[in-house]
Number of protein chains: 2
Amino acid sequence: MPTARERVRAEITAEITEAARRQLAEVGAAALSLRAVAREVGMASSAVYRYFPSRDDLLTRLIIDGYDAVGAAAEAADDPTAAPEQRWSAVCAAVRDWARANPHEYALLYGSPVPGYAAPRDTVPAASRVGVVLGRILGDAARAGLLTGDGGREPGLLGDAAVEILGQDGPGIDDAVRVRALVAYCALFGTVGFELFGQLVGSVEDADRFFARATAELAQLVGIGPAGVRTG
Amino acid sequence: MPTARERVRAEITAEITEAARRQLAEVGAAALSLRAVAREVGMASSAVYRYFPSRDDLLTRLIIDGYDAVGAAAEAADDPTAAPEQRWSAVCAAVRDWARANPHEYALLYGSPVPGYAAPRDTVPAASRVGVVLGRILGDAARAGLLTGDGGREPGLLGDAAVEILGQDGPGIDDAVRVRALVAYCALFGTVGFELFGQLVGSVEDADRFFARATAELAQLVGIGPAGVRTG
DNA sequence: TCTCGAACGAGAGCACCGCTCTCGCCGGAT
DNA sequence: ATCCGGCGAGAGCGGTGCTCTCGTTCGAGA
């Protein structure tokens, strides 16, 4: 049971992170100022250091929360009873919607690493939640017999995380499928990022339609397209 | 003919940008300090403002130069006499190599927008050079009869830039092809960025092999795979 | 050739930043 | 009741982007 002191400490910590999240949404990570956060919560800037050892630690907290938020959005968008392609597109759309609603937070997560590059390992589990959702869709499709992988591994190509997230060795899944899934994963965030950061201005007019088409193409790439067929 | 004054001004401007580029490569865009640049070139910080109105303008200069550098690398890697798939993979590899050699510069170009989001339109032509190279490969493949598009447009979906870069209406190219090309374009930079920013740590062991596989998949996606075939 | 004005470099200064240190204070555990 | 450890505030350090002012210098036009 937490003591009263621990409780108030947790409360103030939450208050600080909440103010920091507002700052982040307003001005972006680069301009997020610990002093401004302190002002917003009505403390001296030095007092904030009782709760976060440095500005980067505060950002790390926001990063983890951000990964959890986009991961939760992806999980909420997945309807396990739907067809794999619909599930895939729905999850992709949820990621994009979250990104458009929280552009600065998305940039913090998937854009350039912020400080002298230090992504602590605390962020890894939270960061993989979207991948886990997409991997589960793929696994369900494999169990339903939609995928044609032969279970083969290509030694030294992929890491354990990919195998764990994208389905254990089993019918329908092999490293070729996993590679395509990873490419689609990269393509999803590449597309969202390019749209968000203005890299597609002039080339895409109807971003909604384009993104729907893109996710459909990616679904086909990973082998859960409408007909479930694919040339090898 | 430039006057002597203009010449020395151009020289000093180049000296400043060169120092800034070194700073950028060392510490990244977020930590790039105009005062440090001034120290490196031996001026007072205020004197630098004679040449660049603000730190962001200095960054904009670096952004344009960066786009030109990666664009030049892509152009140099394209051998118009090779097969489309080989050309595609070579250009993608050149982009990745440039990114790995200049990670901070790549992050500045394709990562989060730096300041209060202001990408001047000066950057657009330089930014499109890689896309132009890839589009030329696609156009050549279309002229060689490898693509199966029917020239159709889907009104309101894509912008003029996409049509111009990815090939005018003609045999083999239609908006469906262009969509796939744009997806592959996003996937290329998404993959490179994810590798560079550590988002694939744990999932990919042999990044070289994975990237080669990824570009091959993307070549197939745009329709210039080994056999030139594709299910529609 | 001389002159005058524009461009230039330097310095001081403003407001802000991250971070540290010290100093009182207050409340809960002993 | 008494410590003492966590806490908040303030001052301060070195750094930042940017502005203003003040001499100087250099070159184009008379």
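Every chain is numbered from 1, with letters handed out A, B, ... down the list of sequences.
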Do other residues, nucleotides or ligands put more than 12 heavy atoms under 6.0 Å from the CD atom of Glu18(A)? yes
Over how many whole Å does the gap from Arg7(A) atom CZ to dG28(C) atom P extend? 11 Å
Do nucleotides 1-12 of chain D as a string where each nucleotide becomes B, S or -: B if the base has a protein heavy atom under 4.0 Å, S if just the sugar-phosphate does, - if no protein is that close. ----BBBBBB-B
Nearest-Å distance for atom pair OH/P, residues Tyr49(B) and dC18(D): 4 Å
Arg55(A) atom CZ is separated from dC16(C) atom P, nearest whole Å, by 17 Å
Measure across Tyr185(A) and Ala127(A) and return the closest heavy-atom pair with its distance rounded to 0.1 Å. OH-O, 4.1 Å
What pair of heavy atoms forms the shortest contact from Ala20(A) to Val37(A), and how long is it? CA-CG2, 3.8 Å
Assess the side chains of Ser54(B) and Asp57(B): does a donor N or O sit below 3.5 Å from an acceptor N or O? yes
Spacing of Ile16(A) atom CD1 relative to dG18(C) atom P, expressed in whole Å: 13 Å
Tell me the interatomic distance from Glu15(B), atom CD, to dC8(C), atom C1', rounded to whole angstroms. 15 Å
Is atom CZ of Arg7(A) surrounded by more than 12 heavy atoms (other residues, nucleotides or ligands) closer than 6.0 Å? no
Atom CG of Asp57(B) and atom P of dG17(D): how far apart are they, to the nearest Å? 13 Å
For Leu32(A), which contact category applies under a 4.0 Å heavy-atom criterion: base, sugar-phosphate, or nothing? sugar-phosphate
dG28(C), OP1 or OP2 - any side-chain N/O from Thr3(A) closer than 4.0 Å? no
Please state whether the rings of Phe194(A) and Phe189(B) are parallel, tilted or perpendicular, taking 30° and 60° as the class boundaries. tilted
Phe52(B) CZ to dT19(D) C1', straight-line distance once rounded to whole Å: 19 Å
